[in-house]
Amino acid sequence: MRFQTLVGVLPRVHTLAEVGCDHAKLTELAFVRGLCERAVVSDIASKCLDKAKRTLARFGDKVVYVLCDGIPPEAKDADLIMICGMGGHTIEDILSRYDGDAKLLLSPQSHAERARSALTVKGYRITRDECFKAAGKYYDLMTAEKGNMTLTDMQLKYGAFYTQPTEALAEKLEKRLDALLGGGEKTAEEAAEIREVLGWRR
């Protein structure tokens with residue numbers, strides 16, 4: 001379900017790149033749905049790249065495999081780059097070394113605020129930013145394209161479009177709020193922020 005949700009927001013492109021591909025299931029699904037004609041997949045670990053080669057073997061020379069840390073030079077002409085399943089700090093580091101202008105799909109596993117901040121620093125405008133639930137877990141999903149955007153502290157923390165919270169975000173924050181109750185003054189500020197986000201649903 002998670003992969004289907006992520007690929008479900010992809011536009012049709014000529015060249016797709018997946019950074020930190022692991023088994024490259026996202027790229028496989030994009031090919032199956034006819035969303036790309038060729039792909040560049042990369043990973044820092046050779047074992048992961050071997051898994052990707054097995055997953056994508058049937059697509060032959062439509063796929064370029066690269067063993068590297070970050071976005072490979074081979075992806076310089078990619079129309080869209082996917083960076084999913086990593087922490088926000090790692091995504092921030094990867095983007096800090098990227099000088100291209102491809103559209104981006106990001107799904108940080110943690111510290112999503114670091115990914116949002118990195119996008120604005122690199123001159124990207126977030127076009128989609130939502131929380132979704134899959135297999136009982138909550139995930140962030142962001143798409144971005146070149147363009148200027150300034151985010152407030154609340155937008156960095158809860159999403160660029162937190163005033164239009166998804167049901168998954170509301171559910172996630174309600175659970176967090178329940179955990180904060182009775183936590184004393186230390187958690188009062190966070191609780192107040194969460195109540196503000198939840199208040200936008202009304």
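- Remark: Asp153 CG is loosely packed, at most 12 non-hydrogen atoms of other residues, nucleotides or ligands lying under 6.0 Å away.
- Residues Leu95 and Val121 form no side-chain contact, since every pair of their non-hydrogen atoms from C-beta on lies 4.5 Å or further apart.
- Within the 3.5 Å criterion, the main-chain N or O of Cys68 finds no donor-acceptor partner in the side chain of Ser42.
- A heavy-atom distance below 4.5 Å is found between the side chains of Leu141 and Phe132.
- Here Arg2 contributes atom CZ and Lys137 contributes atom NZ; the two are 8.5 Å apart, rounded to the nearest 0.5 Å.
- Atom CZ of residue Arg195 and atom CG of residue Leu180 lie 8.5 Å apart, to the nearest 0.5 angstrom.
- Inspection of the Thr55 and Glu28 side chains reveals no N or O donor paired with an N or O acceptor under 3.5 Å.
- In this structure, Asp43 does not pair ionically with Lys51, as no charged nitrogen and carboxylate oxygen lie closer than 4.0 Å.
- Side chain of Glu18 to main chain of Met82: no donor-acceptor pair is present (N/O by atom type, distance under 3.5 Å, no hydrogens or angles).
- Checking Gln109 against Tyr139 by side-chain atom types alone, no donor-acceptor pair falls below 3.5 Å.
- Salt-bridge check for Lys76 with Glu74: failed, with every basic side-chain N at 4.0 Å or more from each acidic carboxylate O.
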>> Run the side-chain contact (heavy atoms from CB on, under 4.5 Å) test on Trp200 and Gln164 for me, step by step, so that the C-alpha distance in whole Å, both residues' side-chain angles and the decisive distance to 0.1 Å come before the verdict.
In response: CA-CA 7 Å; Trp200 285 101; Gln164 305 162 39; over 6 Å; no
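- Not one N or O on the side chain of Ser117 forms a donor-acceptor pair closer than 3.5 Å with the backbone of Arg114.
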>> Run Glu37 and Lys62 through salt bridge (charged side-chain N to carboxylate O under 4.0 Å, His left out) and show every step you take.
In response: CA-CA 7 Å; Glu37 296 179 28; Lys62 292 181 179 180; over 6 Å; no
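- Nearest heavy-atom pair across Leu10 and Ala30 is CD1-CB, 4.3 Å.
- The salt bridge (charged side-chain N to carboxylate O under 4.0 Å, His left out) search around Glu174 returns Arg201, not counting sequence neighbours.
- The SG atom of Cys21 sits 10.0 Å away from atom NZ of Lys53, with the distance rounded to the nearest 0.5 Å.
- Between the OG1 atom of Thr166 and the NZ atom of Lys133 there is a distance of 11.5 Å, given to the nearest 0.5 Å.
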>> With side-chain contact (heavy atoms from CB on, under 4.5 Å) as the criterion, how do Leu35 and Leu16 come out once you've worked through the C-alpha distance, each side chain's angles and the decisive distance to 0.1 Å?
In response: CA-CA 9 Å; Leu35 296 175; Leu16 180 69; over 6 Å; no
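- When side chains are defined from C-beta on, Leu119 counts as touching Leu106, because their heavy atoms get closer than 4.5 Å.
- Residues Tyr162 and Gln155 have side chains that never bring a donor and an acceptor to within less than 3.5 angstrom of each other.
- Val7 and Ile83 are not part of a single hydrophobic cluster, where members link through side-chain heavy atoms under 4.5 Å apart.
- A salt bridge links Asp69 and Arg97; the closest N-O separation between the charged side-chain nitrogens and carboxylate oxygens is under 4.0 Å.
- Val19 and Leu26 are not part of a single hydrophobic cluster, where members link through side-chain heavy atoms under 4.5 Å apart.
- Considering all non-hydrogen atoms of both residues, Ala115 and Ile91 come closest at CB-CG2, 4.1 Å.
- Between the side chain of Thr90 and the backbone N or O of Met86 there is no donor-acceptor pair closer than 3.5 Å.
- Residues Val197 and Met154 have side chains in contact (heavy-atom distance under 4.5 Å, counting atoms from C-beta outward).
- Taking 4.5 Å as the limit, some side-chain heavy atom of Asp99 sits within range of a side-chain heavy atom of Lys122.
- Below 30°, between 30° and 60°, or above 60°: for Phe3 and His23 the angle between ring planes is above 60°, a perpendicular geometry.
- Around atom NZ of Lys146, more than 12 heavy atoms belonging to other residues, nucleotides or ligands sit under 6.0 Å away.
- Around the CZ atom of Arg33, the shell of radius 6.0 Å holds more than 12 heavy atoms that belong to other residues, nucleotides or ligands.
- Between Arg176 and Glu190, at least one side-chain nitrogen of the basic residue sits less than 4.0 Å from a carboxylate oxygen of the acidic one, meeting the salt-bridge criterion.
- Using modelled atom types, no side-chain atom of Asp129 and backbone atom of Phe161 make a donor-acceptor pair closer than 3.5 Å.
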>> Is there a side-chain hydrogen bond (donor to acceptor under 3.5 Å, both in side chains) between Glu171 and Tyr138? Walk through the geometry before answering.
In response: CA-CA 9 Å; Glu171 182 179 298; Tyr138 300 100; 2.4 Å; yes
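- Criterion: ILVMFWY side-chain heavy atoms under 4.5 Å apart, direct or through other members. Under it, Phe31 and Val64 are not part of a common hydrophobic cluster.
- Residues Thr15 and Cys36 form no side-chain contact, since every pair of their non-hydrogen atoms from C-beta on lies 4.5 Å or further apart.
- Counting heavy atoms from C-beta outward, Val41 and Val66 have side chains that stay 4.5 Å or more apart.
- Between Glu145 and Arg125, at least one side-chain nitrogen of the basic residue sits less than 4.0 Å from a carboxylate oxygen of the acidic one, meeting the salt-bridge criterion.
- Under a 3.5 Å cut-off, the side chain of Thr127 and the backbone N or O of Thr143 do form a donor-acceptor pair.
- In this structure, Arg38 and Val63 have side chains that are not in contact, with every pair of non-hydrogen atoms separated by 4.5 Å or more.
- One hydrophobic cluster, built from ILVMFWY side chains closer than 4.5 Å, cannot hold both Val40 and Val13; they sit in different ones.
- Of the possible polar contacts, one joining the Arg116 side chain to the Leu156 backbone as a donor-acceptor pair under 3.5 Å is found.
- When the side chains of ILVMFWY residues are joined at heavy-atom separations under 4.5 Å, either directly or via intervening members, Ile126 and Leu169 end up in two distinct hydrophobic clusters.
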> Between Thr120 and Thr150, does a side-chain contact (heavy atoms from CB on, under 4.5 Å) hold up when you go through it step by step?
Replying inline: CA-CA 7 Å; Thr120 61; Thr150 301; over 6 Å; no
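- Salt bridge status for Asp79 with Lys103: absent, with no side-chain N to carboxylate O gap under 4.0 Å.
- Side chain of Ser107 to main chain of Asp140: a donor-acceptor pair is present (N/O by atom type, distance under 3.5 Å, no hydrogens or angles).
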